[in-house]
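Structure below; questions to follow.
Computed from a prediction, not measured in an experiment: that's the story for all the values here. Convention: sequence-line order gives letters A, B, ...; per-chain numbering from 1.
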There are 2 protein chains.
Amino acid sequence: MQLKTKELSSKQQRIVEFIREFWLENNFPPSVRDIVAGCGLSSTSVVDYNLKILEKKGAIRRHREVSRGIELPSPPDSSNNLNVPVIGQIAAGQPIPVPDNDTWDITSNADTIEVTRDIVRGREGVYALKVKGNSMIEDLINDGDIVLLQSVNFVENGETAAIWLKSEKEATLKKFFLEPSGKIRLQPANSQMGPIYASPDNVEVQGRVIAVIRRMG
Amino acid sequence: MQLKTKELSSKQQRIVEFIREFWLENNFPPSVRDIVAGCGLSSTSVVDYNLKILEKKGAIRRHREVSRGIELPSPPDSSNNLNVPVIGQIAAGQPIPVPDNDTWDITSNADTIEVTRDIVRGREGVYALKVKGNSMIEDLINDGDIVLLQSVNFVENGETAAIWLKSEKEATLKKFFLEPSGKIRLQPANSQMGPIYASPDNVEVQGRVIAVIRRMG
DNA sequence: ACCCCACAAGAACATCTGTTCTGTTATTTT
DNA sequence: AAAATAACAGAACAGATGTTCTTGTGGGGT
């Protein structure tokens, strides 16, 4: 007597996820037997059984007697969009939870932002942070902006990056410079503010900024 | 001896168009027999014959032995994207060609930028400008940024807007304030720069900024 | 006329595929 | 423990569907 509501069993989640992946890859929905193979199930009847439940729960829509007649409520944008997870906020003094490597759990209930593919430009490991507070205004980044970051451990000199200062336990967006002296200079964009100097072993690059999106009005 | 090249016969164009419509409506590709019915053809072999040609010409992609295994090179936008015309650049001292009213010629060969619908949020008369030069850096807008504007003639106090100064023949992005004195104050965002004061009849609001998109790296 | 070729009609075929039927197993309820 | 229910397994059926085969048509070119 569980699952009366909209909660999906793990198998059902897996099926939905597979449908989405399949659709993304092939631009058309999978057949029942594709799902059997893709989810390692044993029988088409199992799929049908669960698809019926999924339909009742509103997770999918089916067209009877039509091959591959499965619709997702929000069809994965086969074309030009990507869903980038917004994994948190960034503000001075706040830690960033960084995703482990590149195995994202897109299906998790994390917020996502939909961006056109030309912004991501094929890069892997892209995530987004919402800027909280005005502490990054010197980098032309404002409160409420969304910054898109590529998860990398190293950046070129002069790139804007999300940087974790270990001892201070602070995350911040700054321009990154490795000085000839071996020190690392974190440079704000405004001449009113001086740079921050840190030793390399106190600095951890979390990602570099590849885009900023600001909505107003 | 026609159609050796990529040109499509009227029947083939019709088929492609039908596939696109069908896909748009159902979120999955049509079967061969759907095309027969939808295009008023007489036989599945006619469809198959033409689909093979279409595939050779690169108009579609087919997956053999897979029902509804038709892909369009650019699958129809399932509704989340809009193409916004980039009608020019904005920089101090440069005029902006502003579109007449709200009847855009989207099909014109003007550059467009594709943005997700959630950025436009249903607004009409949205266009984009590419920022040239660093003259707007005070508004957290940088060289190379794309600003999305909604074409309006009036803005609220405090909104960032594209403003045309008639006598100076200058276009600029500034925060707009109507002062109690009746003058208009155009306020940059940086305290280092003072505001510009102008009389209302010298000011023409061209649009208000609804989003900023900056790509880096 | 003749032949060649693009194109189409219609039927037939072999899969593919959604659905159903009959059980079986595990879990929960009484 | 017995009954009820959820979930799964396997097979089979019927319709959907891609593909192919044969035949027909109409026009150009020689």
Side-chain angles (χ1 to χ4, degrees), chain A residues 1-19 21-23 25-72, chain B residues 1-19 21-23 25-72:
Chain A
M1 185 62 77
Q2 83 273 55
L3 299 181
K4 259 190 187 169
T5 63
K6 299 244 174 166
E7 305 144 29
L8 305 182
S9 76
S10 65
K11 183 172 296 189
Q12 286 154 11
Q13 282 184 313
R14 199 163 153 206
I15 290 178
V16 172
E17 187 183 346
F18 174 76
I19 294 174
E21 285 173 12
F22 187 98
W23 202 332
E25 195 167 337
N26 298 288
N27 276 326
F28 52 80
S31 69
V32 171
R33 284 166 180 85
D34 288 332
I35 299 174
V36 167
C39 294
L41 301 178
S42 49
S43 172
T44 62
S45 63
V46 179
V47 175
D48 188 66
Y49 174 77
N50 284 288
L51 285 182
K52 278 176 181 163
I53 297 175
L54 284 171
E55 190 178 18
K56 262 187 184 154
K57 290 180 180 172
I60 63 170
R61 198 142 55 99
R62 297 182 81 189
H63 297 234
R64 262 177 290 175
E65 313 280 333
V66 171
S67 69
R68 302 173 189 273
I70 302 177
E71 276 186 76
L72 294 179
Chain B
M1 187 59 77
Q2 82 275 54
L3 298 181
K4 259 190 185 170
T5 63
K6 297 241 174 168
E7 306 145 28
L8 305 181
S9 78
S10 66
K11 185 173 293 189
Q12 286 154 11
Q13 282 184 314
R14 200 162 153 206
I15 290 177
V16 171
E17 188 183 345
F18 174 77
I19 294 174
E21 285 173 13
F22 187 98
W23 202 332
E25 195 168 336
N26 299 288
N27 276 324
F28 52 80
S31 70
V32 170
R33 284 168 180 83
D34 287 333
I35 299 175
V36 168
C39 295
L41 301 177
S42 50
S43 172
T44 61
S45 63
V46 178
V47 176
D48 187 65
Y49 173 78
N50 284 288
L51 285 183
K52 277 176 181 162
I53 296 175
L54 284 171
E55 190 178 17
K56 262 186 185 156
K57 290 181 180 172
I60 62 171
R61 196 141 56 98
R62 295 182 81 190
H63 297 236
R64 262 177 291 176
E65 314 277 334
V66 170
S67 68
R68 301 173 187 275
I70 302 178
E71 276 185 76
L72 293 179

Residue B/S43, side-chain atoms from C-beta onward, closest of C/dT20, C/dA9, D/dC8: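 Of all the options, the side chain of B/S43 is nearest to C/dA9.
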
Under 3.5 Å donor-acceptor, B/D34 side chain and B/S31 backbone: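 Side chain of B/D34 to backbone of B/S31, a donor-acceptor pair under 3.5 Å: yes, one is there.
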
Rounded to whole angstrom units, what separation is found between the OH atom of A/Y49 and the P atom of D/dA9? 12 Å

Tell me the closest heavy-atom pair linking A/I70 and A/P29, and the distance in Å.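 Reported closest heavy-atom pair: O-CG, 3.5 Å.
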
Inter-end axis angle, the helix from C/dA1-D/dT30 to C/dT30-D/dA1, with every axis fitted to five base pairs (rounded, 10 degrees): 10°

Side chain B/T44 and base D/dT19 donor-acceptor under 3.5 Å: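 Result: at least one qualifying N/O pair found.
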
Quick one: does B/N26's side chain have a donor or acceptor within less than 3.5 Å of a partner on B/F22's backbone? yes

What is the separation between atom CD1 on A/I70 and atom P on C/dT19, rounded to the nearest whole Å? 9 Å

Distances under 3.5 Å between nitrogen or oxygen atoms of protein and nucleotides 24-27 of chain C:
none

Go through the N and O atoms of the side chain of A/S45 and the base of D/dA9, and report whether any donor-acceptor pair is under 3.5 Å.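 Side chain to base: pair present.
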
Looking at A/E55, I'd like to know if its CD atom is crowded, meaning that more than 12 non-hydrogen atoms belonging to other residues, nucleotides or ligands lie closer than 6.0 Å. yes

Compare the minimum distances between each of C/dA9, C/dG18, D/dA9 and the side chain of A/R62, then state the nucleotide with the smallest one.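 Closest of the options to the side chain of A/R62: C/dG18.
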
Using only side-chain N and O atoms of A/K52, determine if any of them is under 4.0 Å from OP1 or OP2 of C/dT20. yes

Length of the NZ-P vector between B/K56 and C/dC7, whole Å: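 Rounded to the whole Å, the gap is 12 Å.
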
Rounded to whole angstrom units, what separation is found between the CG atom of A/L41 and the P atom of D/dA7?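 Rounding to the nearest Å, CG of A/L41 and P of D/dA7 are 14 Å apart.
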
Do B/V32 and B/I35 have side chains that approach each other closer than 4.5 Å (heavy atoms only, starting at C-beta)? no

Nearest to the side chain of B/V46, which nucleotide is it out of C/dT19, D/dC8, C/dA8?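 Closest nucleotide among those given: C/dA8.
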
C/dA6 phosphate, OP1 or OP2: any side-chain N/O from B/N50 under 4.0 angstrom? no

Any N/O pairs under 3.5 Å between the protein and nucleotides 14-17 of chain D? List them or say none.
residue	atom	partner	partner atom	Å
D/dT17	OP1	A/S67	N	3.4
D/dT17	OP1	A/S67	OG	3.3
D/dT17	OP1	B/R68	NE	3.1
D/dT17	OP1	B/R68	NH2	2.4

Would you say B/V66 and A/R68 make side-chain contact, with heavy atoms under 4.5 Å?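 A side-chain contact exists here, since the closest heavy-atom pair is under 4.5 Å.
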
Among the candidates C/dA11, C/dA8, D/dC8, find the nucleotide nearest to the side-chain atoms of A/K11. D/dC8

Nearest-angstrom distance from the residue atom CG of B/D48 to C1' of D/dC21: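 After rounding, the gap between these two atoms is 12 Å.
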
